[in-house]
There are 2 protein chains.
Amino acid sequence: MSVTLKDIAKKLNVSVSTVSRVVNNKKYVSPKTREKVLKALEEYNYTPNQVARSLKNKSTNTVGIVIPDITEDFFSYIIKGIDHVLVKNGYSIILCDTNESAEREELYLNLLVEKQVDGLILATVSKDHKLIKNIMKRGISVIFIDNLPKLKNSYDSVIIDNAKASYIAVEHLIELGHRNIGIITGKQDETTGYERLIGYKRALIENNIEIDENLITVGDFKEKSGYNNMKLLLEKNKNMTAVFVASSKMTFGAIKAIKEKGLRIPEDIALVGFDVHDPSGLITPSITTIIQPEENIGKAAAELMLKRLSEKGEKYHQKIVLEPQLLIRDSCGANKYKK
Amino acid sequence: MSVTLKDIAKKLNVSVSTVSRVVNNKKYVSPKTREKVLKALEEYNYTPNQVARSLKNKSTNTVGIVIPDITEDFFSYIIKGIDHVLVKNGYSIILCDTNESAEREELYLNLLVEKQVDGLILATVSKDHKLIKNIMKRGISVIFIDNLPKLKNSYDSVIIDNAKASYIAVEHLIELGHRNIGIITGKQDETTGYERLIGYKRALIENNIEIDENLITVGDFKEKSGYNNMKLLLEKNKNMTAVFVASSKMTFGAIKAIKEKGLRIPEDIALVGFDVHDPSGLITPSITTIIQPEENIGKAAAELMLKRLSEKGEKYHQKIVLEPQLLIRDSCGANKYKK
DNA sequence: TAATGATATGCAAACGTTATCATATTTTAC
DNA sequence: GTAAAATATGATAACGTTTGCATATCATTA
């Protein structure tokens with residue numbers, strides 16, 4: 001169907017090797033021949049077959065991305081960042097949305113290995129890392145983002161400083177005068193949930209505020225658990241004046257619980273959320289939130305990947321930690337005098 | 001590095017063909033041999049090399065997706081739908097985010113052709129269809145979504161009934177008693193923008209409301225143009241009581257313009273938006289909106305793709321039109337008596 | 001028992017490249 | 001003017017599969 005090197009070679013009565021040299025802009029072709037071949041390539045609209053190249057070169061110039069849910073802003077921005085730098089370097093990405101299912105994750109990983117991806121960028125949900133270890137042993141470069149697996153051996157990763165994220169969130173609340181600050185964090189067997197609790201505690205301790213276990217709740221990053229835990233916090237802590245919620249969906253749930261109780265934000269409860277992008281800019285009050293630099297996470301992961309793919313031999317694994325930001329909007333009352 | 005058919009064959013002193021037959025579950029292998037081979041495949045952890053298979057079979061089991069912006073909910077949900085059905089059928093997707101640049105779109109398309117994708121699902125922004133025509137000529141199955149190109153030849157597509165979308169939006173406003181209804185539609189050289197204006201007009205005409213050109217504005221689907229056009233509408237039409245905005249970003253812009261003028265939604269201006277997902281559920285007032293069945297668009301496109309890829313010979317192109325829905329929330333006042 | 005057909009297995013070519021090697025031609029240098 | 005070096009070109013093998021063909025074995029049937 002499509003034109004191959006052989007076709008061109010035949011038309012011009014030259015060898016396939018010569019045509020290949022021209023296509024790849026290599027030495028040892030006379031100017032006349034090069035000219036002639038170039039014209040023919042143009043005329044017959046030759047397109048190199050990357051599949052054949054990949055087979056020969058043992059490299060597909062393809063990176064697999066496995067994430068739990070592409071409809072979450074957090075992940076779609078990361079993908080945009082990855083795509084941007086990878087494409088500029090001649091790579092393309094195979095995208096896999098596991099829908100938060102460990103089973104599908106495994107299916108996808110096998111598929112990607114069969115497709116001979118050169119590298120893998122993973123936001124894994126699975127707790128079973130047998131397959132992943134196997135993949136790494138195969139020599140496929142793996143980079144973890146968002147959440148870190150518990151592996152003995154070292155590995156590459158790009159994350160934010162999760163402890164610092166909650167630290168600056170809680171510090172902000174403390175600076176505004178709050179003392180009874182609740183938290184809804186995430187699962188403690190995931191680094192994200194765990195680290196975010198650490199930062200909360202550290203902020204309190206460093207400000208000589210006693211840690212009150214009643215103010216600590218653990219959710220599962222989903223909206224429902226934000227809602228439930230907020231109700232719990234409100235019931236158990238009558239004097240709580242502020243809360244930090246460690247994921248966007250839980251933030252939405254928590255706000256609904258607060259409103260349902262007839263409480264006002266920020267007057268009755270000040271709130272700092274997590275990953276609240278609000279592209280519409282229409283949420284009222286606008287939510288003060290921790291923001292991760294998603295596109296930069298994606299870019300950093302992609303750049304690290306490129307580096308790994310160009311190296312040969314020993315690789316010294318790297319953990320790239322980016323800074324979270326506190327985006328001050330209206331849900332803490334910090335802006336009330338500025339308006 | 002990884003184990004090949006040849007490796008296995010050598011270990012067992014059988015031919016490569018035999019091993020291949022076992023791997024592909026084909027006839028003409030004795031039970032004993034099959035058993036033996038199966039065990040070896042397991043033992044040496046054989047993984048088929050899809051690159052080699054693709055070269056031989058002239059099919060990569062890969063579909064390229066080209067979209068303008070993955071961070072828009074509209075597209076991320078479509079991708080989820082596509083991914084879901086394609087993966088179940090052994091295909092994977094190469095994702096390309098053009099960032100709304102026609103130039104990058106061209107770059108990506110060429111890349112995808114070189115990678116020998118079996119099919120292409122496109123939400124194109126480019127107006128130059130030379131390349132795309134070329135791709136179709138090559139025998140690659142192409143399916144358009146969202147926005148239709150102006151091509152002489154027939155082609156496959158999955159869209160919603162855009163005229164109907166605005167028709168039901170405007171009809172809703174008319175039923176609520178509005179007569180002076182403005183519209184902010186999209187670019188008239190894109191089918192989406194054009195059709196959405198058609199539906200608006202039809203709704204008015206069928207309800208014996210005269211069309212007033214002052215009530216019609218044309219934006220570019222971006223937030224800024226929603227804002228600007230809303231201001232324009234408000235200035236030129238003192239008696240306008242309702243507006244239909246034909247994209248999510250323009251809806252956000254329009255609402256800001258309305259609020260800035262000190263007008264209330266829905267009391268002073270009733271509004272129907274487009275594609276307003278509001279995953280937080282925290283926008284107040286919540287926006288009555290046209291919703292496209294994104295995941296179904298994705299699924300339909302993927303299923304049509306599978307059909308095309310399994311056919312040989314003549315393909316009778318198909319235009320699949322899905323139904324938009326009106327999601328009634330609070331921005332039109334329709335719910336005021338129900339509460 | 002001989003003939004027939006089904007089953008089992010291997011060989012070799014092919015998919016479209018790239019890369020190594022050999023050979024032929026040209027250029028450079030003294 | 002010749003040796004050495006650089007350039008130009010092609011033949012061939014290889015990457016890991018699948019598949020058509022040839023051959024060999026086995027079971028079936030008249």
Side-chain angles (χ1 to χ4, degrees), chain A residues 1-38 40-41 44-62 90 111 113-118 138-140, chain B residues 1-38 40-41 44-62 90 111 113-118 138-140:
Chain A
M1 181 115 288
S2 48
V3 181
T4 70
L5 289 186
K6 210 164 149 189
D7 298 333
I8 302 281
K10 210 171 290 173
K11 306 258 188 207
L12 300 182
N13 258 313
V14 297
S15 74
V16 172
S17 325
T18 300
V19 184
S20 173
R21 285 194 193 97
V22 174
V23 168
N24 293 290
N25 219 342
K26 293 221 173 144
K27 282 214 296 188
Y28 304 130
V29 183
S30 71
K32 287 158 289 171
T33 315
R34 192 177 294 270
E35 183 72 10
K36 190 173 64 173
V37 172
L38 243 21
L41 291 172
Y44 295 104
N45 194 18
Y46 169 78
T47 312
N49 183 326
Q50 294 294 353
V51 171
R53 279 188 174 167
S54 297
L55 181 60
K56 186 86 238 278
N57 300 336
K58 295 170 159 305
S59 152
T60 52
N61 274 221
T62 303
L111 194 73
V113 171
E114 291 187 359
K115 295 239 165 164
Q116 314 290 122
V117 293
D118 298 336
R138 268 188 132 88
I140 297 175
Chain B
M1 182 117 286
S2 50
V3 182
T4 69
L5 288 186
K6 210 168 155 184
D7 298 332
I8 303 282
K10 209 170 290 173
K11 306 257 190 209
L12 299 182
N13 257 314
V14 298
S15 74
V16 173
S17 329
T18 300
V19 184
S20 172
R21 287 194 192 96
V22 174
V23 169
N24 294 290
N25 221 341
K26 294 218 172 147
K27 279 212 298 189
Y28 304 129
V29 183
S30 72
K32 286 157 291 170
T33 315
R34 192 177 294 270
E35 183 70 12
K36 190 172 63 171
V37 173
L38 243 21
L41 291 173
Y44 295 104
N45 194 18
Y46 169 79
T47 312
N49 182 326
Q50 294 294 353
V51 171
R53 277 187 176 168
S54 296
L55 181 60
K56 186 89 241 280
N57 300 335
K58 296 171 157 303
S59 150
T60 52
N61 274 220
T62 303
L111 193 75
V113 171
E114 291 187 359
K115 295 239 166 164
Q116 314 291 121
V117 293
D118 297 336
R138 268 189 132 87
I140 297 175

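Residue numbers start from 1 in every chain, and the chains themselves are labelled A, B, ... in the order their sequence lines are given, proteins ahead of strands.
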Does the D/dA8 base have a donor-acceptor partner in the side chain of A/Thr18 within less than 3.5 Å?
no
OG of A/Ser17 to NZ of A/Lys26: how many Å apart, nearest 0.5 Å?
11.0 Å
Could you state the atom-to-atom distance from CG of B/Leu41 to C1' of D/dT17 in whole Å?
14 Å
Kindly point out which of D/dT17, D/dG16, C/dT18 is positioned nearest to the side chain of B/Tyr46?
D/dT17
Is the phosphate of D/dT18, meaning OP1 or OP2, less than 4.0 Å from a side-chain N or O of B/Lys26?
no
Tell me: CG of B/Asn13 to C1' of C/dT9, nearest whole Å?
13 Å
Against the side chain of B/Lys56, the closest entry in C/dT18, C/dA14, C/dG16 is C/dA14
Side-chain touch B/Lys36/B/Val29, heavy atoms, less than 4.5 angstrom
no
Would you kindly give the NZ-to-C1' distance between A/Lys6 and C/dA14, to the nearest whole Å?
8 Å
Rounded to the nearest 0.5 Å, how far does OG1 of B/Thr47 lie from CD of A/Gln116?
8.0 Å
Verify the contact: side-chain N or O of B/Lys58 to OP1 or OP2 of C/dG16, cut-off strictly under 4.0 Å; return yes or no.
yes
What distance do B/Thr62 atom OG1 and B/Asp118 atom CG have between them, rounded to the nearest 0.5 Å?
6.5 Å
Using a cut-off of less than 4.0 Å, is there contact between a side-chain N or O of B/Ser30 and OP1 or OP2 of C/dT9?
yes
When you measure from the side chain of B/Lys27, which nucleotide among D/dT18, C/dT7, C/dC15 comes out closest?
C/dT7
Rounded to whole angstroms, how far apart are CD1 on A/Ile8 and C1' on C/dT17?
14 Å
Does a side-chain N or O of B/Arg53 approach OP1 or OP2 of D/dT18 to a distance below 4.0 Å, or not?
yes
Any base atoms under 4.0 Å from A/Ser59, or only sugar-phosphate, or nothing? Heavy atoms, all strands.
nothing
Base, sugar-phosphate, or nothing for A/Ser54, non-hydrogen atoms under 4.0 angstrom?
nothing
Could you tell me the separation between the NZ atom of A/Lys115 and the P atom of D/dT17, rounded to a whole number of Å?
15 Å
Does the base of C/dC11 carry an N or O that pairs as donor and acceptor with the side chain of B/Ser17 under 3.5 Å?
yes
First encountered from the 5' end of DNA chain D, between A/Ser15 and B/Val51:
A/Ser15
Base, sugar-phosphate alone, or nothing: which one does A/Val14 contact when heavy atoms must sit under 4.0 Å apart?
sugar-phosphate
Look at all strands and tell whether B/Thr4 reaches a base, only sugar-phosphate, or nothing, counting heavy atoms closer than 4.0 Å.
sugar-phosphate
Whole angstrom value for the distance that separates P of D/dA8 from CZ of A/Arg21:
10 Å
Could you tell me how far apart A/Asn24 (CG) and C/dG16 (P) are, to the nearest whole angstrom?
17 Å
By the 4.0 Å heavy-atom rule, please label B/Val16 as base, sugar-phosphate, or nothing.
base
Rounded to whole angstroms, how far apart are CG on A/Leu5 and P on D/dA14?
20 Å
Whichever of B/Val29 and B/Leu55 has its nearest DNA chain C nucleotide further upstream toward 5':
B/Val29
Please find the pair of heavy atoms, one from B/Asn49 and one from B/Val51, that lie closest to each other, and give the distance.
OD1-N, 2.8 Å
Which one, C/dT7, D/dT18, C/dC21, comes nearest to the side chain of B/Tyr28?
C/dT7
Backbone N or O of B/Asn61 within a donor-acceptor pair of the A/Lys115 side chain at under 3.5 Å?
yes
